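Below is one structure; the comments refer to it alone.
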Number of protein chains: 2
Amino acid sequence: MSRYLALRRAMLPTTVVDLAEQVAAAGYKVTGPRLAVLRAIAACAESSFSVHELEQWVQARGESPGVASIFRTVRLLCTLNLVERIHGIEDCHRYCLTNERHGHHLMCTQCGALERFNNCGMQPAIRHLERQTGFQITAHLVGLFGLCPNCVRAGAPSLPGRT
Amino acid sequence: MSRYLALRRAMLPTTVVDLAEQVAAAGYKVTGPRLAVLRAIAACAESSFSVHELEQWVQARGESPGVASIFRTVRLLCTLNLVERIHGIEDCHRYCLTNERHGHHLMCTQCGALERFNNCGMQPAIRHLERQTGFQITAHLVGLFGLCPNCVRAGAPSLPGRT
DNA sequence: AGTCTTGTTGATATATACTATCATTCACGT
DNA sequence: ACGTGAATGATAGTATATATCAACAAGACT
């Protein structure tokens, strides 16, 4: 572990340390701006986030990273499979921390709250379609959308909403 | 049916007439530029298309519609549920004619070829997740990606590709 | 057929998401 | 502590898409 990271480890929540260690392990430097973005992302660990939201988060704390670096960091984390893009009904501009296993998302269209799940039950349909169409299927995308329990209670309209 | 549309009906392939009639039935005018976009879309009826590809198609035929009108027409057809956005792995900037029933897509990441299917087998998983999470699930997104038989034969790389 | 009304168009500007460029800076191995 | 190469911020650029608005034309009405 680098001195810089070691120095900060005690004062950082676990998710940030995890992310930082994986960034370092992949041979990338753990810089101040990058750490700030990791902190912002870790703050959304249980939910989803857009680059714009990360930008507001770091700016609200008076931190340095410019938009370019935030985009760069998100892109880096995507290439490291630590973060992934969420495909919404209307937009595809939100991200979330990657589920460890083969994972999919269930997102609240109102507040962005996120649940993950693994068993999408699509394997039989995929195999059937491969036989039927002759396609070689290499990837699948599954997203569920609706209202989280909180937004149901608050009487939020069910669609359209933030996706 | 309007005089304009009646005049052109004989010389238009069926898909274009279908689309034009639905546009007219919804109370929108069937104008020359709009028809040109419908023709371009009909030319991709069995596949997918981007706005940029539609633009090239109409320009290659020396037709008038500007980019703004192409976007407007695509958006109109989306609101009429005649066209829908395809969510790709990397991008979400392709569209296709809407499947009549509850439908999903299987798209070739190499050439954009499209197959549609209806039985995604997700209903049990959705009901299970509703019980388990308390979410009220109102929409789901399913996309499959791979290589179509032609691109498999041609030895195309399986990913990354156009999505 | 001529006219009117209102939706539609094209040109342009703007918005949003993201990438490229490049001089400066700084993390990390030595 | 130093040197090197990766990372940063500022800025400009690209791609997708929408807003604005004067000019136009489709369809209705006579």
Side-chain angles (χ1 to χ4, degrees), chain A residues 1-9 20-21 23-38 48-56 58-59 62-80 83 85-88 90-95 162-163, chain B residues 1-9 20-21 23-38 48-56 58-59 62-80 83 85-88 90-95 162-163:
Chain A
M1 190 191 316
S2 72
R3 290 179 315 172
Y4 191 83
L5 187 50
L7 198 76
R8 277 167 168 73
R9 174 158 201 175
E21 282 182 350
V23 166
Y28 296 95
K29 295 180 180 173
V30 179
T31 64
R34 220 165 239 176
L35 260 178
V37 177
L38 296 186
S48 56
F49 53 88
S50 64
V51 169
H52 183 61
E53 286 165 7
L54 296 181
E55 190 188 353
Q56 293 181 313
V58 300
Q59 281 178 356
E63 297 187 288
S64 58
V67 191
S69 287
I70 300 176
F71 272 109
R72 277 190 282 240
T73 303
V74 169
R75 189 178 22 162
L76 172 63
L77 296 177
C78 282
T79 66
L80 296 179
V83 158
R85 181 186 294 271
I86 295 177
H87 292 268
E90 298 296 333
D91 298 295
C92 305
H93 305 304
R94 298 187 71 75
Y95 301 83
R162 190 176 72 177
T163 51
Chain B
M1 193 191 313
S2 71
R3 289 179 314 173
Y4 191 83
L5 187 51
L7 198 74
R8 276 167 169 71
R9 175 157 201 176
E21 281 183 349
V23 166
Y28 297 94
K29 295 179 180 172
V30 179
T31 64
R34 221 166 239 174
L35 260 178
V37 177
L38 296 187
S48 56
F49 53 88
S50 66
V51 169
H52 183 62
E53 285 166 8
L54 296 181
E55 190 188 354
Q56 294 181 313
V58 300
Q59 282 179 356
E63 297 187 287
S64 59
V67 190
S69 287
I70 299 176
F71 272 108
R72 276 190 285 240
T73 304
V74 169
R75 187 175 26 160
L76 171 63
L77 297 177
C78 281
T79 66
L80 296 179
V83 157
R85 180 186 295 269
I86 294 176
H87 293 268
E90 297 296 332
D91 297 295
C92 304
H93 305 303
R94 298 187 72 73
Y95 302 83
R162 191 176 72 177
T163 50

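Quantities reported herein were computed from a predicted structural model and do not represent experimental measurements. Each chain gets a letter, A, B and so on, in the order the sequences are listed, and its residues count up from 1.
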Work out which heavy atom in B:Ala26 is nearest to a heavy atom in B:Leu80; give both atom names and the distance. CB-CD2, 3.7 Å

Looking only at heavy atoms, what is the nearest atom pair of B:Pro65 and B:Val58, with distance? O-CG2, 4.2 Å

Verify the contact: side-chain N or O of A:Ser69 to OP1 or OP2 of D:dG9, cut-off strictly under 4.0 Å; return yes or no. yes

For residues 67-77 of chain B, dump all side-chain donor-acceptor pairs below 3.5 Å to protein atoms at least two apart in sequence or in another chain.
from    : atom 1 : to      : atom 2 : distance (Å)
B:Ser69 : OG     : B:Arg72 : NH2    : 3.4
B:Thr73 : OG1    : B:Ser69 : O      : 2.8

Which heavy atom in B:Leu35 sits nearest to a heavy atom in B:Ala20, and how many Å separate them? CD2-CB, 4.3 Å

Send over the distance from B:Glu53 CD to D:dA17 P, rounded to a whole Å. 12 Å

How long is the gap from CZ on B:Arg85 to CG on B:Asp91, to the nearest 0.5 Å? 10.5 Å

Where along nucleotides 11-17 of chain C does protein come under 4.0 Å, by heavy atom, of base (B) or sugar-phosphate alone (S), with - for untouched nucleotides? ------S

Nearest-0.5 Å distance that lies between atom CD in B:Glu63 and atom CD in B:Glu55: 13.0 Å

Between C:dA27 (C1') and A:Arg34 (CZ): distance, integer Å: 10 Å

Straight-line distance of A:Leu54 CG to A:Leu38 CG, nearest 0.5 Å: 10.0 Å

Candidates C:dT19, D:dT8, C:dC18 - which lies nearest the side chain of A:Arg75: C:dT19

Without decimals, in angstroms, what is the distance between B:Ile86 CD1 and D:dT16 P? 15 Å

Taking atom OG of A:Ser48 and atom OH of A:Tyr95, what is their separation to the nearest 0.5 Å? 12.0 Å

Grab the CG-P distance between B:Leu35 and D:dA26 for me, whole Å please. 10 Å

Whole angstrom is fine here: how far is it from OH in B:Tyr28 over to P in D:dA28? 16 Å

With five pairs defining each end axis, the helix from C:dA1-D:dT30 to C:dT30-D:dA1 comes out bent, to 10°, by 40°

Just how far, in rounded Å, is P of D:dA17 from CG of B:Leu77? 14 Å

Would you call B:Glu53 and B:Arg94 a side-chain contact if the rule is heavy atoms closer than 4.5 Å? yes

Whole angstrom is fine here: how far is it from CZ in B:Arg94 over to P in D:dA15? 16 Å

Starting at atom CG of B:Asp91, determine the distance to atom P of D:dT14, rounded to an integer number of angstrom. 18 Å

